[in-house]
Amino acid sequence: MTNDPSQSAPGNAYKASLLLPATDFPMRGDLPKREPETLARWESEGLYQRIREKTGGRERSFVLHDGPPYANGEIHVGHAVNKVLKDIVIKSKLLAGFDAPYVPGWDCHGLPIEHKVEKEFGKVGEKLDAAEFRAKCREYATTQIDIQRRGFKRLGVTGDWDNPYRTMDFRYEADIMRSLAKIVDRGHLVRGSKPVHWCFDCGSALAEAEIEYQDKESTEIYVRYPVLDRKRVFDAFGLEDDGAPLSVPIWTTTPWTLPASLAVTLGPEVDYVLVKVQPGAEDLFKEDGQRPEYLLVAFDLTANFLGHLAKREALKHGDSVKANDSPIVKGAEFEGVRLQHPFYEREIPVLLGDHVTIDAGTGAVHTAPGHGQEDYAVGLKYGLVERYTAAQINPVDARGLYLPSTPPAAGRDLAGQHIFKIDPLIVEVLRERGALLAMGRIKHSYPHCWRHKTPVVFRATPQWFISMEQAGLRRDALAAIPGVSWVPGWGEARIYNMIEGRPDWTISRQRYWGVPIALFFHRETGLPHPRTGQIMRQVADAVEGQGADAWYAMTAEQLLGDEAGDYEKVNDILDVWFDSGTSHECVLAQRPQDGLRKPADLYLEGSDQHRGWFHSALLSGVAMDGVAPYRQVLTHGFTVDEHGKKMSKSMFNALAPEKVTDTLGADVLRLWVASTEFRNEMTVSDKILKQNADVYRRIRNTARFLLGNLSGFDPAKHLVAIDDMVALDRWIVHRAAELQDRIAAAYERYDFAEIVQALSNFCSVDLGSLYLDVTKDRLYTMQEDSRGRRSAQSAMYRIAEAFVRWIAPILAFTADEMWRHLPANTEHGAREGNVLFTTWYDGLALLSDDAALSAEDFARLLALRDDVSKTLEPMRAEGKIGAALEAEIALRCGVADQNWLAPFADELRFLFISGDVEIVADDAVKDIAVLAAPTTKTKCVRCWHYRADVGVDAAHPDLCGRCVSNVAGAGEDRRWF
């Protein structure tokens with residue numbers, strides 16, 4: 001149903017009388033060219049500071065705290081998703097009436113930057129001393145920040161880019177120290193030689209957040225630990241000792257840990273049986289291959305265990321492996337039973353531990369306190385940690401080599417050998433000693449360093465920890481979690497489980513580029529100095545002026561005086577997750593002048609941050625203040641290609657944001673981010689982006705049509721009061737009011753995809769297919785100052801004012817461009833300088849109860865309009881008519897419908913964009929029946945309507961009566977459509 005008289009033939013003498021759209025707002029966005037120009041203007045205007053001046057005093061505030069990206073490399077599409085989402089949130093909050101500052105930040109310390117500097121200058125001591133090395137790291141991080149900042153700005157992200165927070169700033173480094181001092185004061189710091197994840201490539205301990213799990217193929221072995229206290233075991237089962245060998249078999253996938261094996265742990269409530277294995281191969285026992293053997297195994301694992309023996313090397317004939325009918329005995333009965341180490345002359349005890357499970361293995365866990373957290377805990381409980389030397393507990397150095405003091409295994413040297421290459425030798429020793437029951441290869445999930453993608457180990461080293469138990473941190477953190485709103489909701493259970501099961505937080509690192517742990521510990525007791533908090537704050541004051549180098553220049557004598565000889569200075573640096581995790585204190589608490597405060601209203605990052613920034617921020621916040629540093633946590637998924645594969649440079653499927661902004665524009669990329677259900681994996685490809693470019697064009701064309709029809713419109717002079725508007729105009733404002741409520745609510749709950757969908761539908765359906773099409777006749781053909789035309793312009797003005805605000809958080813550049821083309825109110829002077837200085841438009845209103853046509857009336861009318869279209873379609877297909885204007889409509893209906901239609905019957909043709917519409921009485925008709933026939937009337941060359949009165953006025957023989965009135969008379973009036 002299209003009627004566009006603006007398309008009249010060029011020779012039409014009345015074309016000049018048509019009031020056609022006129023605007024400088026271009027049809028083509030040409031975003032790659034225009035957006036940089038807009039950025040330059042924003043820069044010169046100081047847009048962010050102007051926003052702060054306009055909105056900083058608002059009663060309500062909203063603080064989104066920026067999780068700092070790492071200052072290394074160009075931004076990637078994941079960065080783009082994160083920053084654009086944050087920008088949408090901030091801008092929507094500004095429009096909702098909040099004071100919503102945005103201070104971006106960068107994470108600057110850590111190993112990746114050290115490695116970059118090492119590649120150019122070598123390790124510390126080769127070309128540079130430690131201070132020079134740190135200076136080079138700082139220089140490198142600065143260049144990377146500049147690169148990333150340009151990329152983020154190009155995406156249209158508005159923020160305090162001139163004053164970001166950087167974890168390497170002297171003030172920030174000092175505040176990190178002060179944060180640690182608060183944690184020390186609250187009793188959370190401990191020192192110990194606990195097993196920590198250790199990366200041989202990093203040469204340092206790793207935090208939980210620096211671990212990722214990948215599949216790894218390992219050697220799996222079943223090993224005999226001969227029982228020395230035989231009588232206790234046989235008595236427990238009520239059996240006679242018949243002299244057959246008796247062992248406790250263990251299963252492990254880390255044979256290299258056996259030199260550090262100091263015990264075997266059973267589950268106290270696990271059921272065990274004594275399995276009598278009959279001989280099935282000559283190498284079952286080293287000395288006598290025909291003797292039976294007793295093995296103590298968890299009852300629930302017996303079948304699985306024996307099956308492994310049958311399939312593996314030790315037993316060649318599966319049907320010869322049988323178990324006797326053994327009684328069941330709880331593991332608690334065997335506490336303290338003495339066993340023989342498989343290749344050392346070392347007696348080791350049976351311990352009890354609740355960490356023993358019956359998921360795999362034998363139900364007996366070889367226990368090396370230096371190489372496992374549960375092993376360490378049970379070893380501490382039973383006194384193993386105090387009984388053995390540090391080298392016995394952990395015989396592996398920082399490079400992965402056995403220490404020189406490591407005893408030989410059955411005459412074979414282990415010292416100096418790398419643990420990842422030792423498995424064949426260990427297996428050979430076990431076989432020679434008759435200790436190997438079975439071996440094989442297994443693929444299993446194993447912790448890897450997230451930087452190097454290489455396997456890590458647990459290794460007991462002297463480290464500094466934030467204890468989860470000493471001052472109740474685990475308890476308090478778990479209690480804080482339910483008070484936070486987690487979006488999506490599954491995030492709550494995820495972080496709860498992580499906090500509930502995590503070990504102490506290892507905060508010390510043996511590297512150079514980071515914030516030093518500024519403390520001293522007693523040479524004999526190992527305890528921190530009693531004035532540690534005070535000393536840290538004293539050092540922090542120096543660091544604030546000179547940077548971290550100030551700590552290294554300070555001597556114990558300067559800080560401790562006469563006590564200096566009793567204490568040792570710590571040279572470790574802090575875990576980088578402590579740097580960023582304490583940003584709530586180092587940024588939010590320190591910059592109230594910039595609108596910041598804690599707790600933050602929102603942390604928004606990728607879903608991996610439950611084990612990263614969300615995690616470290618929660619622990620540090622609770623450790624310092626007893627509460628979470630955030631009120632709400634929102635997570636987004638990762639980007640994948642059209643095949644569902646995670647994007648990465650190594651897979652050659654990475655999509656560079658710069659490529660998108662250079663070809664399609666940042667607003668198209670922003671539209672894709674908003675239109676995607678970002679809580680899940682986000683699929684992106686060239687095809688998907690081009691589809692979003694089509695949606696963008698629809699939105700832009702709508703904006704252009706609205707602006708074009710506001711040519712010559714001055715709101716101060718021409719704005720028609722809402723209650724005086726033509727009924728259709730009043731209805732479309734009602735629809736816009738409904739949509740604005742929906743959009744504002746969707747922004748509130750971060751449902752940006754619904755906003756894009758609703759906007760697209762409004763542009764296509766309510767406006768494009770209906771309102772804009774119907775009102776062309778009024779806008780183009782009626783007199784410029786007529787009520788009908790000004791009413792339509794008033795509706796479009798109100799919609800445009802709302803529309804530009806709806807799109808502003810998502811289409812940052814296009815909204816700015818549209819704002820600059822909207823008509824100014826001459827009574828109020830120039831428009832506000834930017835749409836972000838305003839709030840949601842308050843000039844919309846829902847239909848009142850006494851409206852001439854209600855929302856229900858319009859629903860009926862639009863359904864009737866659809867029926868008319870369906871009736872005309874076959875006529876058009878058969879060639880009986882071309883446009884709908886060539887058809888005359890008859891509506892057959894009963895009395896009630898006649899009465900309903902009667903007031904606006906004369907204007908229905910404008911709603912239907914058809915020829916004349918006649919109401920025909922027919923009481924036999926239940927619903928309104930639509931009939932149509934080709935018109936026989938003459939076409940008006942100006943409005944294209946077919947009218948009986950064309951040519952009645954001799955002065956205008958080609959015009960219909962209303963066009964004569966509009967061109968040369970008083971002009972027509974319109975009330976309904």
Side-chain angles (χ1 to χ4, degrees), residues 23-45 47-48 74-77 79-88 90-92 148-159 161 639 655-676 678 682 684-708 752-753 755-757 759-760 763-764 768 800 803-822 833-836:
T23 180
D24 293 332
F25 186 81
M27 179 181 295
R28 291 185 67 251
D30 201 10
L31 300 181
K33 177 177 180 293
R34 285 198 183 92
E35 288 175 344
E37 296 170 356
T38 301
L39 279 176
R41 176 168 52 79
W42 289 348
E43 196 85 22
S44 65
E45 292 174 352
L47 176 59
Y48 180 76
E74 299 275 356
I75 68 169
H76 51 67
V77 71
H79 284 126
V81 166
N82 182 261
K83 290 298 190 203
V84 168
L85 286 174
K86 291 173 180 174
D87 195 53
I88 292 173
I90 290 293
K91 287 171 178 171
S92 68
Q148 292 185 1
R149 177 164 35 203
R150 285 194 296 272
F152 293 142
K153 284 184 176 181
R154 180 62 187 88
L155 296 173
V157 178
T158 304
W161 295 111
T639 54
L655 187 69
E658 185 178 10
K659 176 186 174 184
V660 181
T661 56
D662 286 350
T663 54
L664 298 174
D667 268 0
V668 172
L669 183 61
R670 293 173 67 98
L671 186 63
W672 163 73
V673 173
S675 63
T676 305
F678 64 83
M682 304 174 68
V684 63
S685 65
D686 290 337
K687 179 180 178 181
I688 290 172
L689 288 170
K690 287 174 182 175
Q691 291 169 349
N692 277 273
D694 292 339
V695 176
Y696 171 81
R697 277 189 286 273
R698 185 181 306 127
I699 294 172
R700 185 179 183 88
N701 288 341
T702 300
R704 187 171 188 272
F705 191 92
L706 293 171
L707 292 170
F752 309 138
I755 294 166
V756 174
Q757 183 68 37
L759 269 173
S760 183
C763 292
S764 300
F803 190 88
V804 70
R805 291 164 168 83
W806 299 342
I807 67 172
I810 297 171
L811 304 178
F813 294 98
T814 304
D816 179 90
E817 186 181 3
M818 182 181 179
W819 182 259
R820 291 164 63 81
H821 284 83
L822 279 167
N834 193 284
V835 62
L836 298 177

Closest non-hydrogen atom pair, [X] against [Y]:
{"X": "R28", "Y": "R34", "answer": "O-NH1, 2.9 Å"}
{"X": "P657", "Y": "A80", "answer": "CG-CB, 4.0 Å"}
{"X": "A666", "Y": "F813", "answer": "CB-CE1, 3.7 Å"}
{"X": "V84", "Y": "V157", "answer": "N-CG2, 4.5 Å"}
{"X": "A753", "Y": "S675", "answer": "CB-O, 3.6 Å"}
{"X": "V673", "Y": "M682", "answer": "O-CE, 4.1 Å"}

Charged N-O contact under 4.0 Å between [X] and [Y]:
{"X": "K91", "Y": "D87", "answer": "yes"}
{"X": "D667", "Y": "R700", "answer": "no"}
{"X": "R150", "Y": "E658", "answer": "no"}

List the steps, then state whether salt bridge (charged side-chain N to carboxylate O under 4.0 Å, His left out) holds for D694 with R697. CA-CA 5 Å; D694 292 339; R697 277 189 286 273; 2.2 Å; yes
Short question: side chain of [X], backbone of [Y] - any donor-acceptor pair under 3.5 Å?
{"X": "R670", "Y": "L811", "result": "no"}
{"X": "R149", "Y": "W161", "result": "yes"}
{"X": "T702", "Y": "R698", "result": "yes"}
{"X": "H79", "Y": "H76", "result": "yes"}

Candidate pair L655 and T639, rule side-chain contact (heavy atoms from CB on, under 4.5 Å), full reasoning: CA-CA 10 Å; L655 187 69; T639 54; over 6 Å; no
Would you compute the distance between atom [atom1] of [X] and atom [atom2] of [Y] and round it to the nearest 0.5 angstrom?
{"X": "I699", "Y": "N701", "atom1": "CD1", "atom2": "CG", "result": "10.5 Å"}
{"X": "L689", "Y": "Q691", "atom1": "CG", "atom2": "CD", "result": "9.0 Å"}
{"X": "F25", "Y": "E817", "atom1": "CZ", "atom2": "CD", "result": "4.5 Å"}
{"X": "L664", "Y": "L669", "atom1": "CG", "atom2": "CG", "result": "9.0 Å"}
{"X": "I807", "Y": "L759", "atom1": "CD1", "atom2": "CG", "result": "8.0 Å"}
{"X": "L707", "Y": "F803", "atom1": "CG", "atom2": "CZ", "result": "9.5 Å"}

Between Y696 and W672 (judged by ring centroids, cut-off 6.0 Å), do the two rings come close enough to count as a pair? no
May I ask you to test the K690-S685 pair for a side-chain heavy-atom distance under 4.5 Å? no
So does D24 have more than 12 non-hydrogen atoms from other groups sitting under 6.0 Å from CG? no
May I have the step-by-step check of side-chain contact (heavy atoms from CB on, under 4.5 Å) for Q148 and K83, ending in yes or no? CA-CA 11 Å; Q148 292 185 1; K83 290 298 190 203; over 6 Å; no
Does D816 form a side-chain contact (heavy atoms from CB on, under 4.5 Å) with R41? I'd like the steps, not just the answer. CA-CA 11 Å; D816 179 90; R41 176 168 52 79; 2.3 Å; yes
